[in-house]
There are 2 protein chains.
Amino acid sequence: MAVMDSAVAREQALDAAEELFYGRGVQAVGMDDIRGASGVSLKRLYQLFPAKEQLVEAYLERRDVRWRNRLAAFVARREDPRERILAVFDWLEEWFGEDGFRGCAWINSYGELGATSPRVAAQVRAHKDAFRAYLAGLVADAGLPGALAGQLFLLAEGAMVTAGITGQTGPAREAREAARLLVRAG
Amino acid sequence: MAVMDSAVAREQALDAAEELFYGRGVQAVGMDDIRGASGVSLKRLYQLFPAKEQLVEAYLERRDVRWRNRLAAFVARREDPRERILAVFDWLEEWFGEDGFRGCAWINSYGELGATSPRVAAQVRAHKDAFRAYLAGLVADAGLPGALAGQLFLLAEGAMVTAGITGQTGPAREAREAARLLVRAG
DNA sequence: ACCGTAGGAGAACGCTCGTTCTCACGTCAA
DNA sequence: TTGACGTGAGAACGAGCGTTCTCCTACGGT
């Protein structure tokens, strides 16, 4: 492969890392697999990410930004504050239906590495906190009681985990219906 | 260690497997760790479980039986059918508060091995199906609409995952409150 | 044109770990 | 007593993989 700008190589490495780590699990993917899929040489990889764990962290961080941006962009298309809350679950359904969907990357990573890598565990907690805070914002904007946010969060987490395990999109609709009832009750 | 009955050795191996696999993750625990913690020699271990994957399967299967029995025994103490539904979440709170709680063993195992071990993935699905069916039974006994079972299931899964990641018991109470509202609405 | 440097390909190193093998010992049947 | 057998302790084997090193090529500045 020809000489390549560092920023480009970094993105290609992260593209490969995301596809492989998410699809097969972190531990099942070697640095050599990343090289093969990205075309970035091992030497370059280790210049950009001095150890595999740092590549994992960078993968989770980039995915976190993208994931939350995609969600927020989808939700922002709705006007009504209560509709926005339900739109979260509509977006989950879209996500669950994508090719290669294999559950929540953070939940999976936590199961794989949470017990052995404090840094990954902290990143998972940060991601989930950010998602919960986002939901709390939507709930506040709709003038609904704060306790609702935690309940919606649990529904969304349950849907992610269940969709990941079963490979079906149905959990998103079930969660949406439960959310609708809770919003109405709130 | 003295000569040991096979059944006893098997239980000791599974005791060690459960403690270590659950506490540290499957991949972070070697067969030698199992030997050290159980006192069962490697030769014996491989007689009882011809490969590590079979030890993992036996661990998940024994834990599945015990987990569901514990839950059912706790719930059965309540008389009122609707109270029984809420008791599921009371039991979750107890479970989350136990020493060494580190989330749902099946969700964690799925994150770790779901992509690489079809047998483990199938066991996770079977466990979750059984839990969902149990909830559906409680819902039917209470004369509530069947759709409620899926919603309660998602709340419970969300609570497990969130309690595992945060190490707190609060998600059980949040899920219980949401369940109470959904039961009342149903 | 020439040299210093960066980069790519891939071999090599060292460690971990699943699995098997060796060997010595104790037990029990004949 | 003897010898076949099962067992425990632990060495050994072989593969996988994170990480580093070697060697060679190509390019950029002077």
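If you're wondering where the values come from, they're calculated on a predicted model, not measured in any experiment. Lettering of chains follows the sequences in order, A, B, ..., and the numbering in each one begins at 1.
- Listed by first then second residue, pairs satisfying side-chain hydrogen bond (donor to acceptor under 3.5 Å, both in side chains) with a partner in residues 55-67 of chain A read Glu11(A)-Arg62(A), Asp15(A)-Arg62(A), Glu18(A)-Arg62(A), Glu18(A)-Arg63(A), Glu57(A)-Arg119(A), Asp64(A)-Arg68(A), Asp64(A)-His127(A), not counting sequence neighbours.
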Once base and sugar-phosphate atoms are separated, protein heavy atoms under 4.0 Å mark nucleotides 15-24 of chain D, 5' to 3', with B, S and - as ---SBB-B--

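- Put simply, CG on Leu45(A) is 15 Å from P on dG10(C), counting in whole angstrom units.
- For residues 148-162 of chain A, every residue pair satisfying the salt bridge (Lys or Arg N to Asp or Glu O under 4.0 Å) rule, not counting sequence neighbours, is listed here: Lys128(A)-Glu157(A).
- The shortest distance between the side-chain N/O atoms of Gln47(B) and the OP1/OP2 oxygens of dT7(D) is below 4.0 Å.
- Residue pairs that meet the side-chain hydrogen bond (donor to acceptor under 3.5 Å, both in side chains) test with at least one member in residues 159-174 of chain B, sequence neighbours left out, are Glu93(B)-Arg173(B).
- Remark: Tyr110(A) engages no residue in a ring pair (Phe, Tyr, Trp, His ring centres under 6.0 Å) (not counting sequence neighbours).
- Rounding to whole angstrom units, CG of residue Asp5(A) and P of dG7(C) are separated by 11 Å.
- Put simply, the side chain of Tyr22(B) gets close to the backbone of Gly103(B): a donor and an acceptor are under 3.5 Å apart.
- For residues 176-186 of chain A, the side-chain hydrogen bond (donor to acceptor under 3.5 Å, both in side chains) pairs, not counting sequence neighbours, are Asp90(A)-Arg176(A), Glu177(A)-Arg180(A).
- Whole-Å rounding puts the Arg44(A) CZ to dG8(C) P distance at 5 Å.
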